[in-house]
Amino acid sequence: MHELAELIRTNQPCVVLTGAGVSTESGIPDFRSATGIWKQYDPYEVASIDAFHRDPERVWEFYALRLDVLADAEPNRAHRALAELEARGLVQAVISQNVDRLHAAAGSRDVIEVHGSIGAADCLACGRHEASVRELLPFPRCADCGAILKPGVVMFGELLPTAAIDRATALAQTAGLLLVVGTSLEVWPVAGLPGETLDHGGKLAIVNRDPTPFDDRASFVAHGSAGEILAQCVSSMSSS
Ligand code: APR
């Protein structure tokens with residue numbers, strides 16, 4: 001029995017927290033690895049709310065490139081393994097920092113998108129929400145007031161959607177196990193969720209290629225491919 005599989009079985013409910021590392025095997029670069037996006041771009045120039053107010057077209061040029069990368073992206077083994085664990089009643093929900101919607105595409109039903117989603121946009125002038133912006137590119141404008149729309153993702157300097165972060169915090173606090181997959185745990189307030197689980201008596205499991213600040217407080221740590229490790233975990237459950 002894969003050690004992680006045993007931990008998931010015996011520490012229910014298991015809640016999952018994911019980041020960009022769960023989608024790199026789908027061809028989407030992460031942010032802070034050696035090949036990460038923030039090695040190429042300054043996040044405060046292209047992904048902060050100040051940058052949007054200063055130069056919204058520059059921001060949309062960046063997000064249009066992201067949308068292109070996402071257009072052909074498919075869920076990978078990691079997404080599918082987490083959806084399978086949910087279907088078996090072994091995962092309660094997935095809290096994701098990702099805006100790529102690949103967890104839902106893999107079949108996960110309860111996904112909390114704490115950083116929004118890239119396909120949508122919002123009008124800061126009149127409050128209109130646009131569910132799909134692809135056909136409005138290159139510089140999406142509000143159909144009601146004509147203002148340039150803001151990408152539907154949480155930008156640096158913005159607050160997270162209250163309902164999403166409140167639910168994520170409640171799930172982390174009541175989790176028997178928080179399974180952390182593919183995130184550097186460097187961005188707050190999400191980086192505080194593992195501490196919430198530990199402070200409320202739950203355990204941590206971490207699957208991440210690089211070390212994280214919580215490795216020494218986790219009951220299980222695997223530095224490797226999320227797809228490989230989670231696929232092995234699920235198949236070890238099937239064979240036992
Ligand atoms: N398998 C396992 N881990 C991986 C893999 C993989 N295939 N690929 C990358 N990783 C790990 C990297 O080692 C890295 O530690 O995933 C982590 C991704 O960390 P970041 O790039 O910092 O991404 P994330 O934690 O999601 O960033 C949080 O910051 O830039 C903002 O809003 C953005 O949601 C994002 C937030």
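Whatever order the structure lists them in is the order used to number ligands and atoms, beginning at 1.
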I need the single residue from S96, S108, S23 that forms a side chain to side chain donor-acceptor pair (under 3.5 Å) with H79. Which is it?
S23
If only side-chain N and O atoms count, and only distance matters, is there a donor-acceptor pair under 3.5 Å linking T212 with D215?
yes
With a 4.0 Å cut-off on N to O distance, would you call E45 and R58 a salt bridge?
no
Going through the checks in order, is the side chain to side chain contact (heavy atoms under 4.5 Å, CB included) test met by L193 and V15?
CA-CA 11 Å; L193 295 176; V15 173; over 6 Å; no
Say you draw a straight line from CG of L17 to CG of L204; how long is it, rounded to the nearest 0.5 Å?
9.5 Å
So F220 and L177, do their side chains get closer than 4.5 Å, heavy atoms only?
no
Contacts for ligand 1, heavy atom under 4.0 Å, by chain and number, are G19, A20, G21, T24, E25, D30, F31, R32, S33, W38, Q97, H115, F156, G182, T183, S184, V187, N208, R209, D210, G224, S225, A226
